[in-house]
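Keep in mind that the numbers below use all heavy atoms, side chains included, and drop hydrogens, waters and symmetry copies. We name chains A, B, ... by the order of the sequence lines, and we start the count at 1 in each one.
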Amino acid sequence: KFKQKDMTYFFKNK
Amino acid sequence: MFEAKLTEGLILKKIVESIKDIVTDVNIDISPSGISLQAMDSSHVALVSLNLSMDGFEHYRADTNMVLGVSIANLAKVMKLADNNDQITLQADQEATHLKIIFENPKTERTTEFNLNLITIDSEHLAIPETEYSSVVTINSGEFSKICKELFSLSETVQITTNTDYVQFSVEGEVGSGQVRLGHNDSEKKEDQTILEVSESVQQQFAIRYLNMFNKASTLSSFTRLCLHQEQPLVVEFKIDNLGVLKYFLAPKISD
């Protein structure tokens, strides 16, 4: 099965 | 004090239509140099980023930075009041509680005004680093829309593969499997062009449902730019002539 990572995994909080 | 007048109001109407299915409440950032917004969808796998330069407006004034919290669903309802030929003016005072939106049609002398109540949104603001994408594909926006729409009827997921010769969109589902392959095409007819700039091949899978939502923006731009990098989110980019850019980021699907 597939999963998608959260955007915050790729881009850090400002 | 903030005031911005856009002669071609239809562009703003299209932008709101292009993001309303993905994001709900959004902080609009006003600065002396332009308008921007960044918001994630509720599941945090997609992100919308809009940048509009003050240069694209007929009139633009923002004395200081301001944040206007807006319900996009309500903004979309207000935008329905606009005729496609209307000019749109946005106005907000310092410490504003509402955003004034004015639609004017110089030909018919019709003016519509609405004060949209602002809301306080506690949202995360992500720092998106400058990335050198190893594959950039520029493709006719109508064609990309059609490919995604038709493939979605066959599968939930599309695998995008790039190499120096072609970009390939492949699906595998209960119905069967197949792919659409587009080679580099710099024909004289600009709208037929597919431009591949590939330094490193990429292979990633994405949920087509999101791509279909992003493609609502295809009416804003003749071309869609797909920026890919292995292990990084896909960027689906629509340039808005003389005004700015609307970008969507989508996390790749990875095997669990």
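The 12-atom threshold is exceeded at CD of B/Gln179, counting heavy atoms of other residues, nucleotides or ligands nearer than 6.0 Å. Annotation: B/Gln168, atom CD; neighbour count of heavy atoms from other residues, nucleotides and ligands within 6.0 Å is above 12. Shown here is B/Glu150, whose CD atom has more than 12 heavy atoms of other residues, nucleotides or ligands within 6.0 Å.
Scanning both residues, A/Gln4 and B/Ala207, for their nearest heavy atoms gives NE2-CB, 4.2 Å. Contact between A/Phe11 and B/Pro129 at its shortest, heavy atoms only, is CD2-CD, 3.5 Å.
Residues satisfying the side chain to side chain contact (heavy atoms under 4.5 Å, CB included) criterion with B/Ala76, sequence neighbours excluded, are B/Val16, B/Glu17, B/Lys20. With sequence neighbours excluded, no residue forms a salt bridge (charged side-chain N to carboxylate O under 4.0 Å, His left out) with A/Lys5.
The side-chain heavy atoms of B/Pro252 and A/Phe10, taken from C-beta on, include a pair separated by under 4.5 Å. A/Met7 has its side chain within reach of B/Leu126: a pair of non-hydrogen atoms, C-beta onward, lies under 4.5 Å apart.
Heavy atoms closer than 4.5 Å to chain A are found in the side chain of B/Gln205, but not in its backbone.
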